[in-house]
Amino acid sequence: MKLKMKKNTWIWGLPVFVILTIILYGCPTEKRLSGTGDAAEKVYVAPGEHDEFYGFFSGGYNGQVGVYGLPSGRHLYTIPVFSQSPTNGYGYSEETKPMLNTSHGFVPWGDAHHTELSQTDGVPDGRWLFINENNTPRIARIDLKEFDTHEIIEIPNSAGNHASSFVTPNTEYVSAGTRFSIPMDDKLQNEDVSIKSYKDNFKGTLSFIKVGNDGHMSIDFQILVPGFDYDLSHAGKGPSNGWAFFTSYNSEQANTLLEINASKNDKDFIAAVNWKKAAQYAADGKGAMMPGKHVHNWVDEAGIAHSETIDQVRVLDPSKLPGIIYYLPTPKSPHGVDVTPDGKYIAAGGKLSTIIPVHSFAKMIKAIDEKKFEGEVGGIPVLQYEAILHGEVKNPGLGPLHTEFDGKGYAYTTAFISSEIVKWDIESTKVVDRIKTYYSPGHLMIPGGDSQKPWGKYLVALNKITKDRYLPTGPELFHSAQLIDISGDKMKLLLDFPTEGEPHYAQAIPQEIISKNSVRFYKLDNNKNPYKTTSEADAKVVRKGNDVHVYLTAIRSHFTPDNIEGVKVGDKVYFHMTNLEQDWDIPHGFAMKGANTGELLVMPGQTRTLVWEPKEVGVQPFYCTDFCSALHQEMQGYVRVSPRGSNVKIAYGTGQ
Ligand code: RUQ
Ligand code: CUA
């Protein structure tokens, strides 16, 4: 049952509503006021004041990361990651285009699901944010000093990279897993076989991407696994540090109509991977180097992106390397897999399950030692369910998906179908509280809620369906997040706020961990771009055959040069624009009429390059797109385009 409220009543008419309610009904009951009353005060961040947390929300099908302040829900920024961004030219400028290279060529879009902050000693440390891309399997690393994507690595031998990008407690590894299994022969080549031969030919991989001290990512090893759908993962911590857990569904190995055919088995599996042991095997040269073509893109210290192609990866076969994987039977197409802050228990979602199974890590180790196996699949031992179970949460709502923790002994699970969040006691597995969400929550997020030390004050429900929460915007609605106060015994709904794209997951961290390191502008003296122009006196236009390089500067409120002649139809014009400002929040923009790219939005001290291929004779304007001063509208220039073969000489200047 969905409760409908008139939003315009509770937002705009809040004082009237409260007074009327009190007159008519006496003091309001908590239920009636679950979204109002003191809630407004709790989320109100006065003008000029800052939010307590940064929230990093995956953008889903927009391929970006949305940055939101909490508790206000204010949208602060969008970090371009897997998709070109016309806002600032990411993926359009020459310096950033290589970030979107893949083994399939240039892919300017991605489906981004899970943000994950880097951790030190099991606690988010604010250095980097990782995020996965499903469609063309990739993982990105965002530098949180600059809120800028600095690295993207492709995951070979994988399809639908959903079970990522979760980190180990000291960010030694980021894990990833195939959602879709694909045919792989013994050279790991995707083969031309009948789809009906799924059971015989299709396999999956679980990947471990090593993260260096400087953040640099490389694929350390992949583990070959039976052809199930691997869905989510989380690393162990504390006592379970050294292990990682991956949910799987479709252990039926169906290849069609999965909604029925992959829902037959009573239990599917969580794959428990001993990554420390696997890493040791890899370090010892075990397994084999196998084909695994993937592209790796990174930004150098000059802020320029590069790409390299790597042809091979190390692949470990668990049937030959015992002890690296065990299967934990887990009811009914499990989705999320979440490890408690103390690292003792592993809770699974179960899209079709009526309980939440909670496995005990200690019992799992004991069962392995005592060989309490009920069988094996593809050489991987399957442990006995009863032997590893800590308990089952009864009556957890319908369609439990994801769980996070408050660090005070409680777990919170989203129930997608019954649209609620259920709070339960980890030790007793008893439900202690529940709250309605409107509508259908997928993930939920507590700041630090998948780490060893959650900042358990707020919870955000990431609702998949928005319906009537906001004014209608035609058929397409932004998704809706809901902020819930979890500081007391009872959960309290505080706020709805719309989010861009489809935030599958989010993470949050106290603002002071990040804001103190935030880069405000780039020092011109440190600019290492080979096409930089650090003073107006050095601005120039240089012809090299059909290429014309414009070394352009921008400072309030003019370009140098702003008059350019001698460009011809058939030329390729590179505008290398350096922003000479050395002050916070003074970007200059650059837009050229007829350019088939985005604009540039160039930060103070930075150089960015836009390519323009003029096709028509005439004079074309360019201008600054960012309202940078009272005379921003005067910040403009002209390029004269002469016919092919014309002998108009290159000439340029400002104020001449
Ligand atoms: S999920 S469909 Cu993380 Cu529940 Cu992506
Ligand atoms: Cu520079 Cu407007």
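Because the structure is a prediction, the values reported are computed rather than measured. Just so you know, residue 1 is the first one in the sequence shown, and it goes up from there. Remember, it's 1-based here, ligands and their atoms both numbered in the order they're listed.
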Within a distance under 4.0 Å of any heavy atom of [X], pick out the atoms of ligand 1 and give their elements.
| X | answer |
| --- | --- |
| His504 | 2 (S), 5 (Cu) |
| His335 | 1 (S), 4 (Cu) |
| His443 | 1 (S), 3 (Cu), 4 (Cu) |
| His114 | 1 (S), 3 (Cu), 5 (Cu) |

- Taking the six-membered ring for Trp, are Phe147 and Tyr54 ring centroids under 6.0 Å apart?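 Yes - the distance between ring centres of Phe147 and Tyr54 falls below the 6.0 Å cut-off.
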
- Query: Under 6.0 Å between the ring centres of His113 and Tyr505?
  - Reply: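 No, the ring centres sit 6.0 Å or more apart.
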
- Task: Would you kindly say whether Glu95 and Asn529 are connected by a side-chain donor-acceptor distance under 3.5 Å?
- Result: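 There is such a pair (donor and acceptor under 3.5 Å, judged by atom type) between the side chains of Glu95 and Asn529.
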
- Query: Is it true that Arg138 and Glu154 have a side-chain N and a carboxylate O under 4.0 angstrom from each other?
  - Reply: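 No, no charged N to carboxylate O under 4.0 Å.
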
- Message: Can you tell whether the side chains of Lys464 and Glu502 come within less than 4.0 Å, N to carboxylate O?
- Response: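 The answer is yes: the pair qualifies as a salt bridge.
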
- Item | N/O/S atom of Cys624 inside 2.8 Å of atom 1 (Cu) of ligand 2, strictly under |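 Yes, Cys624 qualifies, because one of its backbone or side-chain N, O or S atoms lies under 2.8 Å.
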
- Message: Using a distance threshold of 2.8 Å, state whether an N, O or S atom of Met635 lies below it from atom 1 (Cu) of ligand 2.
- Response: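 For Met635, the answer is yes, given that an N, O or S atom comes within less than 2.8 Å of atom 1 (Cu) of ligand 2.
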
- Task: Check whether any N, O or S atom of His113 sits under 2.8 Å from atom 5 (Cu) of ligand 1.
- Result: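 His113 does place an N, O or S atom closer than 2.8 Å to atom 5 (Cu) of ligand 1.
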
- Message: With respect to atom 5 (Cu) of ligand 1, please indicate if His162 possesses an N, O or S atom at a distance under 2.8 Å.
- Response: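 Yes - counting backbone and side chain alike, His162 has an N, O or S atom under 2.8 Å.
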
- When you measure from atom 1 (Cu) of ligand 2 to each N, O or S atom of His588, which atom gives the shortest distance?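 Considering only N, O and S atoms, His588 comes nearest to atom 1 (Cu) of ligand 2 through ND1.
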
- Query: Would Lys423 count as a cation-pi partner of Tyr412, with NZ or CZ less than 6.0 Å from the six-membered ring centre and within 45° of the ring normal?
  - Reply: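 Not satisfied by the 6.0 Å and 45° rule.
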
- Message: Please report the interatomic distance CD1(Ile586) to SG(Cys628), rounded to the nearest 0.5 Å.
- Response: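 The CD1 atom of Ile586 sits 8.0 Å away from the SG atom of Cys628.
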
